Amino acid sequence: MKTVIIGGVAGGATCAARLRRLDENAQIVVLERGNYNSFANCGLPYYIGGIIEDRDDLLLQAPEEMSRKFNIDVRIRHEVVAINREKKTVTVRRLENGEQYEESYDKLVISTGSSPIRPPIPGIDSPRVCTLTTLPDADAIKTFLQNNARRAVVVGGGFIGLEAAENLHRAGLEVSIVELGNQVMPPLDFEMAQLLHQHLASKGVDLHLGEGVAEFSDRDRFAELRLSSGRMIEADIVILSVGVRPNNKLARAAGLKIGERGGIAVDENMLTSDPDIYAVGDVAEVRDFVFDDPAMVPLAGPANKQGRVAANNIAGIKDSFGAVQGSAIVRVFDLTAAVTGANEKQLARRGLVRGRDYEVAIITQNPHAGYYPGARPMTLKLLFSTNGKKIFGAQIVGREGVDKRIDTIGTAMRLGASVFDLAKLEFAYSPPYSSAKDPVNMLGFVAGNILSGKVRFCDWDAIEKISDSLVLNVREEGELRAFSLPGAVHIPLGELRRRADELDNSKHIIIMCAIGVRAYNAARILMQCGFENVSVYPGGALFYRLTHYGKTESRPIHPGPAAEDKQIPLT
Ligand SMILES: Cc1cc2nc3c(=O)[nH]c(=O)nc-3n(C[C@H](O)[C@H](O)[C@H](O)COP(=O)(O)OP(=O)(O)OC[C@H]3O[C@@H](n4cnc5c(N)ncnc54)[C@H](O)[C@@H]3O)c2cc1C
């Protein structure tokens, strides 16, 4: 059996290696148009920033090595220009000399990935406007850095743009990010992205949200960007990172079925509409785990797993990919942001309504015991059905332990867990690593409390939205110096039982403390005193100030919770 694989990086290389392990007699040909097969594109930003020092570390398997170790015929700088399904051949162009030849196959795997989008903006072809997808791209960027580039503009605030921004900053450049949307990292909901906005600004990154680039102009020694607002910024180098498009041209021309999201339509075995052709990775359109509708998620994990699934099926082992959950993580300077499943924007787009179809828990928790040095709070957001049985998704932003929590929730979702199961999960605990009740347990507890009516949380922007609201601040006197909302009623938690009758029961009372723990306790007191319209401001004053970043005064935001909050359990 002869298998030809188009594209020799994440999905293609995995498919080839797995196939060889399963079938020593298979003939395997990998056709890769680039200069390298099997290189670590995810490592490129860190190579630019100098964290990965040696370029060779990014080269995972050279063609000769793949050939020697795996007996795979890897041909770099060989571009497939057509798939001839009737003849079961592909037409290949040797990029060295432009010659073309035909290569036959029994089974074909398309792993052509995706390409960065280059919108038709005047001046976009300037040599200073780079993308970051391949090693030669990284080489070109490194050359700018070696030639004393001082100012960089990253266009696009997705995860590659953020990684590029962090690493250019690390390399000593002044960095601006220009993002058309009102937030960076679109998989996060806006209020969670605000935590990143505040952090980026604190690192000196010049953030332009809600602005596009109208024009690039080459000046003598720099590029000038005119933004949609008319504002001008200068850059020695521009990194364009505004999204990717699946490389589906070959498949489309060959008459393979293309899905509604523009990827090659595949079944659960990664088989296309042709029984001898598989498609894997960024170019394949798979199913979304949460809603079971078509999904394109250009990430390395799915690409690698899909390559393996295709190889298994080619070798006669029935295997299915399942669906993609969109679990992703990015480091943004000292913060880490991670997501799994759907966000609230997606729920709203599908017509789901908070309170009717889903609920939200947002909590601020320390990643490890508060009394053990170094604990810095993380913010977790969980979206779940109103019967608690389905977890739609989660988002976490914090400094430490974010990866562990997002992967726990992602795994729980994959195994069909309810929010009540999150409460029961058992975590390995000692003070440097967690708390006796891990933040994921806490999410489960809080979700359970919301569903049983023990507590209600308001939206992050409820104070502006609800006109008849009264903000009750239950922090201690001394804490008000750091931050207090104008017009808030101040009754410290310890005095609330005695002074509850000072509050106007006809108003919607929004209770705020430092991170949400004392506010929950206060809500329980008021609810048991007969107050009916009471809600807790999620994540407390810390979250309020971060989510209202750019809107409140600009005194430094203290990251640590008040001592009282560390001691009072949230449950
Ligand atoms: C800078 C950067 C950072 C990233 N970081 C992360 C990360 O941290 N985490 C994560 O999960 N994902 C990350 N990704 C995404 C991840 O790398 C991709 O999702 C993954 O590589 C997709 O695998 P693939 O096999 O579909 O395509 P690719 O790995 O892109 O491989 C496709 C290959 O096909 C070749 N090709 C295309 N057309 C032809 C043709 N006609 N003939 C021959 N060859 C062809 C291309 O040259 C390319 O080498 C990152 C991507 C980039 C660019």
Side-chain angles (χ1 to χ4, degrees), residues 4-16 29-49 52 58 60 74-83 90-95 103 108-116 130-138 141 154 156 158-167 187 239-241 243-254 263-264 266 270 278-286 296-308 310 324-331 336 338-339 403:
V4 171
I5 300 171
I6 313 175
V9 187
T14 298
C15 182
V29 180
V30 174
L31 300 166
E32 167 55 56
R33 71 179 172 193
N35 293 338
Y36 304 92
N37 68 301
S38 192
F39 73 97
N41 36 16
C42 306
L44 295 177
Y46 303 98
Y47 173 58
I48 286 171
I52 297 172
L58 297 169
L60 303 177
V74 181
R75 303 178 202 164
I76 55 169
R77 298 190 54 72
H78 283 234
E79 180 176 30
V80 175
V81 292
I83 299 169
V90 290
T91 307
V92 189
R93 182 189 298 141
R94 283 192 188 90
L95 296 181
E103 188 75 38
L108 182 69
V109 179
I110 305 174
S111 185
T112 46
S114 52
S115 293
C130 306
T131 50
L132 179 56
T133 309
T134 63
L135 260 175
D137 290 343
I141 295 167
V154 176
F159 77 94
I160 295 176
L162 291 174
E163 287 177 349
E166 180 192 326
N167 280 285
I239 309 289
L240 191 68
S241 181
V244 294
R245 222 176 250 131
N247 293 329
N248 62 11
K249 248 172 142 175
L250 284 174
R252 198 183 279 278
I264 304 174
V266 291
M270 306 313 298
Y278 292 80
V280 303
D282 289 4
V283 78
E285 187 168 308
V286 290
M296 299 289 295
V297 178
L299 289 173
N304 277 275
K305 286 185 215 77
Q306 291 163 11
R308 192 171 193 275
V324 72
Q325 214 168 318
S327 298
I329 190 161
V330 62
R331 191 181 70 193
T336 299
V339 295
D403 50 348

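Counting convention: from 1, in listed order, for ligands and their atoms alike. Just so you know, these numbers come straight off a predicted model, no measurement behind them. Residues take their numbers from the sequence shown, with the count starting at 1. The basis for the numbers below is simple: all heavy atoms, side chains too, and nothing from hydrogens, waters or symmetry mates.
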- Which atoms of ligand 1 sit under 4.0 Å from any heavy atom of T112? 32 (C), 34 (O), 37 (C), 38 (N), 39 (C)

- Is it the side chain (CB and beyond), the backbone, both or neither of F159 that lies under 4.0 Å from ligand 1, heavy atoms counted? side chain

- Message: Among V81, N41, N37, which one puts a heavy atom closest to atom 30 (O) of ligand 1?
- Response: N41

- Message: My understanding is that we take every heavy atom of each candidate and find the minimum distance to atom 19 (O) of ligand 1. Doing that for I110, D282, D137, which one comes out nearest?
- Response: D282

- Are the side chain of S114 and the backbone of P246 linked by a donor-acceptor contact shorter than 3.5 Å? no

- Item | Option from R75, R94, R93 for which salt bridge (Lys or Arg N to Asp or Glu O under 4.0 Å) with E103 holds | R75

- Under 4.0 Å from one or more heavy atoms of V9, ligand 1 contributes atoms 28 (P), 29 (O), 31 (O), 49 (O)

- Message: Please determine whether side chain to side chain contact (heavy atoms under 4.5 Å, CB included) holds for the pair N41 and V9, giving the CA-CA distance in whole Å, both sets of side-chain angles, and the decisive distance to 0.1 Å.
- Response: CA-CA 9 Å; N41 36 16; V9 187; 4.1 Å; yes

- Just let me know how T134 lines up against ligand 1, side chain, backbone, both or neither, with a heavy-atom cut-off below 4.0 Å. neither

- Message: I want to know if ligand 1 touches V80 in the polar sense, i.e. an N/O pair below 3.5 angstrom.
- Response: yes

- Does some side-chain heavy atom of F159 sit less than 4.5 Å from a side-chain heavy atom of L299? yes

- Query: Sub-3.5 Å donor-acceptor pair from the side chain of E32 to the main-chain atoms of G34, do we have one?
  - Reply: yes

- Message: Any nitrogen or oxygen of F39 lying under 3.5 Å from a nitrogen or oxygen in ligand 1? Just yes or no.
- Response: no

- Message: For a 4.5 angstrom cut-off between non-hydrogen side-chain atoms, does R331 reach Y46?
- Response: yes

- Ranking A82, A300, G307 by closest non-hydrogen atom to atom 12 (N) of ligand 1, top hit is A300

- Kindly say whether N247 contributes a backbone atom to a donor-acceptor pair with the side chain of T112 at under 3.5 angstrom? yes

- For ligand 1, which atoms have a heavy atom of A10 less than 4.0 angstrom away? 20 (C), 21 (O), 23 (O), 25 (O), 29 (O)

- Message: So N35 and T134, do their side chains get closer than 4.5 Å, heavy atoms only?
- Response: no

- Message: Counting C-beta onward and ignoring hydrogens, is there a side-chain heavy-atom pair between V330 and E163 closer than 4.5 Å?
- Response: yes

- Report the C-alpha distance between I141 and I239 in whole Å, list the side-chain angles of each, state the deciding distance to 0.1 Å, and finish with yes or no for side chain to side chain contact (heavy atoms under 4.5 Å, CB included). CA-CA 9 Å; I141 295 167; I239 309 289; 3.5 Å; yes

- For atom 32 (C) of ligand 1, which candidate among S111, P246, S38 holds the nearest heavy atom? S111

- Message: Which of the numbered atoms in ligand 1 are under 4.0 angstrom from any heavy atom belonging to L31?
- Response: 43 (C), 44 (N)

- Is there any N or O on L132 that sits under 3.5 Å from an N or O of ligand 1? no

- Looking at side-chain heavy atoms only, is the closest gap between Q306 and Y278 below 4.5 Å? no

- Item | For G113, the ligand 1 atoms whose distance to one of its heavy atoms is below 4.0 Å | 26 (O), 27 (O), 32 (C)

- Side-chain contact, heavy-atom cut-off 4.5 Å: L58 with L135? yes

- Run down the list C42, P116, P298 and name the one with the heavy atom closest to atom 4 (C) of ligand 1. C42

- Near A303, which atoms of ligand 1 are under 4.0 Å from a heavy atom of that residue? 22 (C), 23 (O)

- Item | Heteroatom distance test (L299, ligand 1): nitrogen or oxygen, under 3.5 angstrom | yes

- Query: Nearest to atom 52 (C) of ligand 1, what protein heavy atom do you find, and at what distance?
  - Reply: I160 CD1, 3.4 Å

- Answer whether the closest heavy-atom distance between the side chains of V280 and V109 falls below 4.5 Å. yes

- Query: Is H78 in contact with ligand 1, taking contact as a heavy-atom separation below 4.0 Å?
  - Reply: yes

- Minimum non-hydrogen distance to atom 43 (C) of ligand 1, winning option of Q306, R33, R93, E163: R33

- Message: For atom 48 (C) of ligand 1, which of the options R331, K249, E32, R75 provides the nearest non-hydrogen atom?
- Response: E32

- Query: In terms of atom number and element, which parts of ligand 1 are under 4.0 angstrom from non-hydrogen atoms of I6?
  - Reply: 40 (C), 42 (N), 43 (C)

- Message: Quick check: do L250 and I6 have side-chain heavy atoms less than 4.5 Å from each other?
- Response: yes

- Element-labelled atoms of ligand 1 that are located less than 4.0 Å from some non-hydrogen atom of G7: 33 (C), 34 (O), 35 (C), 44 (N)

